[in-house]
Protein chains: 2
Amino acid sequence: MTTPQLTKNQSLVFDVLEKAEGPLSAYTILDKLRDHGFRAPLQVYRALEKLLEYGVVHRLESINSFVACAHPGDDCHSHGIVAFAICESCGQVMEFHDHEVDHRLMAWVRAQKFKPEKTTIEIRGLCEACAA
Amino acid sequence: MTTPQLTKNQSLVFDVLEKAEGPLSAYTILDKLRDHGFRAPLQVYRALEKLLEYGVVHRLESINSFVACAHPGDDCHSHGIVAFAICESCGQVMEFHDHEVDHRLMAWVRAQKFKPEKTTIEIRGLCEACAA
DNA sequence: ATTGCACACGTTATAGCATAACGCAATTGA
DNA sequence: TCAATTGCGTTATGCTATAACGTGTGCAAT
Ligand SMILES: [Zn+2]
Ligand SMILES: [Zn+2]
Ligand SMILES: [Zn+2]
Ligand SMILES: [Zn+2]
């Protein structure tokens, strides 16, 4: 998926996510953009929908939040499943991928004749700093 | 985790999930139990909290729903990560585990000194019947 | 027996997440 | 020009989850 020129709202939302230390909820993004004219959740959700489609933002299903892609331009997104480790203490997110994990999961779905559309791998726990 | 005797509310919620064809949201469970005296979401959520703790019910993070464990008594839950394939058309859920996937993910977190607490693997797509 | 505690439960209210439905404006392409 | 598409703004609504308070019950420890 090639990324087209972002619209004004899409750029605003993306900038907020890129500058954030960790994942943000849609409503947190909304609050951060009120000074820029944002008034309603849909303005955020519509921008996020496109950013997710372009692959420059990821949704963390287990915490209802969004994060900027940590590997922009990396082609791993096109041929692999992305995984996340989320610190429940400081909110830090690590994005990674593992081809062997991809292969095993895809082998399983192929055996079941299941047709995958979207795969979520999220590990919640404590990062090194917070676990100490 | 050994499962203690379930309370009345816990049993009601568990029975609904066991008899269901697929995953149910907390509010769907609530509706199904109104005839049994359920009036408020908390009655469902409190029961679910315990059932999740006992490991007899799983939460599907990507669709905000709950499902009865497909492998009751199986010891794989105690030493492996459970994965789900969820059909977005018919709602059917397949629960499985793969030791190699577990191993790879745990190797990664160990290398990062990340301390995992709860891992989610959910594949959404179309089951064999619905993909035809 | 009385006290203290843990636990399940019921109720009301509130917080947090996401989308439906309407209309308008700008862009594009036939 | 006309139609189709896309983005945008607004209002309203629906869905998901928890906070806070109080009740009752069972079961020790004193
Ligand atoms: Zn990414
Ligand atoms: Zn941390
Ligand atoms: Zn299970
Ligand atoms: Zn299906």
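Residue numbering restarts at 1 for every chain, and letters A, B, ... go by the order of the sequence lines. For the numbers below, each heavy atom of this structure counts, side chains included, while hydrogens, waters and symmetry mates do not.
For B:Asn64 and D:dC15, the shortest distance from a side-chain N or O to OP1 or OP2 is not below 4.0 Å. Checking the phosphate oxygens (OP1, OP2) of C:dA18, a side-chain nitrogen or oxygen of A:Tyr45 falls inside 4.0 Å. When the side-chain nitrogen and oxygen atoms of A:Arg59 are compared with OP1 and OP2 of C:dC17, none of them lie within a distance under 4.0 Å. Look at A:Thr7 and you won't find any side-chain N or O under 4.0 angstrom from OP1 or OP2 of D:dT6. For A:Ser25 and C:dC17, the shortest distance from a side-chain N or O to OP1 or OP2 is below 4.0 Å. The shortest distance between the side-chain N/O atoms of B:Gln43 and the OP1/OP2 oxygens of C:dC9 is not below 4.0 Å.
No donor-acceptor distance shorter than 3.5 angstrom exists from the side chain of A:Glu18 to the backbone of A:Ala68, with no hydrogens or angles considered.
Atom CG in B:Leu24 sits about 13 Å away from atom P in D:dA17, given to the nearest Å. Rounded to a whole Å, the CD atom of B:Gln10 is 8 Å from the C1' atom of C:dA8. Between the NZ atom of B:Lys8 and the C1' atom of C:dC7 there is a distance of 17 Å, rounded to whole Å. Nucleotide C:dC22 holds its P atom 14 Å from the CG atom of A:Leu42, rounded to whole Å. Computed from coordinates, the A:Glu49 CD to C:dT19 P distance equals 8 Å when rounded to whole Å. One atom, CG of B:Leu30, and another, P of D:dG14, lie 16 Å apart when rounded to the nearest Å. Between the P atom of C:dA8 and the CG atom of B:Leu6 lies a distance of 11 Å, rounded to the nearest Å. Put simply, CZ on B:Arg39 is 18 Å from C1' on D:dT23, counting in whole angstrom units.
You'll find that the side chain of B:Asn9 is closest to C:dC9, out of D:dT11, C:dT11, C:dC9. Closest to the side chain of B:Tyr27, out of D:dG7, C:dC9, D:dT16, is D:dT16. Residue A:Phe66 places its side chain closer to C:dA18 than to any other of C:dA18, C:dG10, C:dA20. When distances run from any side-chain atom of B:Pro41 to the nucleotides D:dT10, C:dG10, D:dT18, the shortest one goes to D:dT18.
Residues B:Arg46 and B:Glu49 are not paired through a salt bridge, judged by the lack of any N-O separation under 4.0 Å between the basic side chain and the carboxylate.
The residue among A:Lys50 and B:Thr28 whose nearest nucleotide of DNA chain D lies closer to the 5′ end is A:Lys50. Residues B:Ile63 and B:Arg46 both approach DNA chain D. Their nearest nucleotides, taken by heavy-atom distance, put B:Ile63 toward the 5′ side.
If you check the side chains of B:Arg59 and B:Thr120, you find no donor sitting under 3.5 Å from an acceptor.
Considering every non-hydrogen atom in both B:Leu6 and B:Ser11, the closest pair reads CB-OG, 3.4 Å.
Using cut-offs of 30° and 60° on the angle between ring planes, the pair B:Tyr27 and B:Tyr45 is perpendicular.
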